[in-house]
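None of these values were measured; they are calculated from a predicted model.
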Amino acid sequence: MKKIEKKDLLRHLYRFAGLKPPQGSNDSDIATRPVIQLLVWIPILGAMPIATYLSTRDAGATKTSFFVVWDLLKSPLIVYFVNFYILHKLFFQHRYWLFAFFNLLMIVALNSQFIWMFIHRHNIPNMPEMTPNMWIGFFSGFLMFLLLNCMVAAIAIGIRHFIRTRQIRQQLKDEQAKHTEAELAWLKNQINPHFLFNTLNNISSLTQIDADAAQDAIAQLSDLLRYAMYETNKPQVAIQGEVEFMRNYISLMELRCNDKTEVNAQFSIPNPQQEIAPLIFISLIENAFKHGVSSNRHSRIDITLQQEDDTLVFTCDNTNYPKDDADRSGSGIGIENTRRRLDLMYANRYTWEQSLENDIYHVRVTLKIKG
């Protein structure tokens, strides 16, 4: 037999009643539907009549049993539904006195026949004289019935509070997800024009030296832009595409380098179809070329990307030639953006190492690809 998950129980109740669960509704929304509430109350109302029928096989006794149960439970039933769908608003608005007043008024109105019988007991034929014990029994029963109605009202408010809390949490979760998605889009949009401007500057310089090489670089840039615009719109992309993108990007960035710069890039990806967040390392590579290359001094950039099972390790070491205050080409937002994206997409699944020793800047990012 197929196991029914707890989260699907309400939807199974809907189908049991021959109804289709509302489209786009979560479990909290479905729980507030009248049909679900009625399905919960039906077994309570039907337990005694069913037991009577099974024991007596007498339709008359079963009918009598049902009306007895209905006379006893119709007041709690109405109290429950009125509190669940109407009076809970007063409670959650902290208007407790008004909430209590309307509940008391409703309970008295629903049981007015008993109050009428008590007031006019002397006019009812064959009504025995009330003895002290009968008075005690009468008031005890009335008090217990009053407490039962109050308990049912409290249960209705408790269930509504539980559902309301879940709805608020779900709304907060949805809003947080939308905020995270918008922030990720904003961070990624900052990356694309950033490397575009730098690459265009490099190609512009190349046109004055080697027009054919500049034309090849433009074609390579076209491939980069195509990938950045059309392939990275998904939350996850294949590592293979990212590696190809980084290779092309490094090749274009080398256009700005002279023979004093040594660039080494190694990629070891045994499972290239596994997926990661798009463009997650590109700002670190860009940062290495911005701050690691000098036109008149020896420069070195070493980039590696290694995959070990479900772990991805990116390292980048470069010589460090800090920009002066007048040069704003390396404002530092790239690293900040990368760390923020890692926080949002790989929370508790990545480690970050960053150091500067002997004029060599080192950064190492370890990602757990599968959560």
Side-chain angles (χ1 to χ4, degrees), residues 183-184 186-188 190-192 194-195 197-199 202 239 242-243 245-270 274 276-371:
E183 185 175 0
L184 284 170
W186 179 77
L187 290 171
K188 195 171 71 173
Q190 282 191 314
I191 295 173
N192 295 347
H194 216 224
F195 78 78
F197 293 148
N198 286 328
T199 307
N202 297 336
I239 300 178
E242 283 293 294
V243 169
F245 181 88
M246 285 187 280
R247 288 186 190 276
N248 290 334
Y249 183 79
I250 292 170
S251 177
L252 286 175
M253 293 301 289
E254 285 183 286
L255 295 177
R256 65 183 291 186
C257 304
N258 55 29
D259 56 3
K260 295 183 180 292
T261 300
E262 182 181 355
V263 179
N264 299 303
Q266 295 182 353
F267 301 92
S268 177
I269 309 296
Q274 280 194 298
I276 60 171
L279 307 179
I280 198 69
F281 301 121
I282 199 65
S283 289
L284 300 179
I285 298 174
E286 180 185 32
N287 189 70
F289 279 95
K290 284 180 181 179
H291 301 282
V293 175
S294 172
S295 59
N296 53 16
R297 288 184 287 178
H298 174 74
S299 305
R300 182 183 178 91
I301 298 175
D302 294 310
I303 298 168
T304 64
L305 183 66
Q306 293 182 327
Q307 182 186 21
E308 300 174 2
D309 297 327
D310 62 346
T311 300
L312 202 63
V313 181
F314 174 87
T315 60
C316 183
D317 296 278
N318 58 268
T319 49
N320 185 54
Y321 299 111
K323 305 292 184 182
D324 57 34
D325 293 338
D327 188 345
R328 303 303 297 168
S329 63
S331 59
I333 64 171
I335 290 182
E336 293 177 8
N337 287 358
T338 300
R339 297 210 63 171
R340 182 56 182 158
R341 291 184 71 204
L342 288 169
D343 287 336
L344 292 172
M345 302 192 73
Y346 293 95
N348 303 318
R349 291 196 290 136
Y350 84 94
T351 59
W352 177 283
E353 299 176 12
Q354 181 179 342
S355 63
L356 178 61
E357 296 181 5
N358 300 323
D359 291 328
I360 299 296
Y361 177 81
H362 167 79
V363 63
R364 175 187 176 96
V365 180
T366 304
L367 291 181
K368 202 77 171 175
I369 300 176
K370 295 182 179 180

Report summary line: Tightest non-hydrogen contact, residues S295 and N258, listed as O-ND2, 2.8 Å
Query raised in the report: Which distance, rounded to the nearest 0.5 Å, do you find between the CG of N318 and the CD1 of I303?
Result: 8.5 Å
Query - Over all atoms of both residues, closest heavy-atom pair of L284 and C316 - result: O-SG, 4.3 Å
Requested in this report: Return the minimal non-hydrogen interatomic distance between Q307 and I239, and the atom names on each side.
Outcome: NE2-CD1, 3.9 Å
Query raised in the report: Taking side chain as C-beta onward, heavy atoms only, is L367 less than 4.5 Å from L342?
Result: yes
Requested in this report: For residues M246 and S251, determine if any side-chain heavy atom of one lies less than 4.5 Å from a side-chain heavy atom of the other.
Outcome: no
Query raised in the report: Below 4.5 Å, heavy atoms only, C-beta onward: do E262 and N264 meet side chain to side chain?
Result: yes
Requested in this report: Sequence neighbours left out, what pairs pass salt bridge (Lys or Arg N to Asp or Glu O under 4.0 Å) with at least one residue falling in residues 306-316?
Outcome: D310-K368
Query raised in the report: Say you draw a straight line from CE of M345 to CD1 of I280; how long is it, rounded to the nearest 0.5 Å?
Result: 6.5 Å
Report summary line: Output for pair (Y350 OH, T366 OG1), nearest 0.5 Å, gives 11.5 Å
Query raised in the report: Can you list the residues that meet the side chain to side chain contact (heavy atoms under 4.5 Å, CB included) rule with S294, with sequence neighbours excluded?
Result: N296, R297, S299, Y321
Requested in this report: List in chain and number order the residues that pass salt bridge (charged side-chain N to carboxylate O under 4.0 Å, His left out) with R247, two or more places apart in sequence or in another chain; answer none if no residue qualifies.
Outcome: none
Report summary line: Those residues at least two apart in sequence (or on a different chain) that pass salt bridge (charged side-chain N to carboxylate O under 4.0 Å, His left out) with D302 are R300
Report task. Name all residues meeting the side-chain hydrogen bond (donor to acceptor under 3.5 Å, both in side chains) criterion together with T311; count only those two or more places apart in sequence or in a different chain, and write none if there are none. Result -> none
Validation: residues 355-364 side-chain donor-acceptor distances under 3.5 Å, sequence neighbours left out:
{"residue": "Y361", "atom": "OH", "partner": "Q354", "partner atom": "NE2", "Å": "3.2"}
{"residue": "H362", "atom": "ND1", "partner": "D317", "partner atom": "OD1", "Å": "2.7"}

Query raised in the report: Can you tell me how far the CD1 atom of I301 sits from the NE2 atom of H291, to the nearest 0.5 Å?
Result: 11.0 Å
Query - From CG (L252) to CZ (F289), nearest 0.5 Å - result: 10.0 Å
Query raised in the report: Any side-chain heavy atom of R340 within less than 4.5 Å of one from D343?
Result: yes
Report task. Measure the CG-CD1 distance between L312 and I269 for me, rounded to the nearest 0.5 Å. Result -> 5.0 Å
**Report entry** Main-chain N/O of L279 paired to E242 side chain as donor or acceptor, under 3.5 Å
**Finding:** yes
Query raised in the report: Quick one: do K290 and E286 make a salt bridge, cutoff under 4.0 Å?
Result: yes
Query - Contact check, side chains of Y249 and I282, non-hydrogen atoms, under 4.5 Å - result: yes
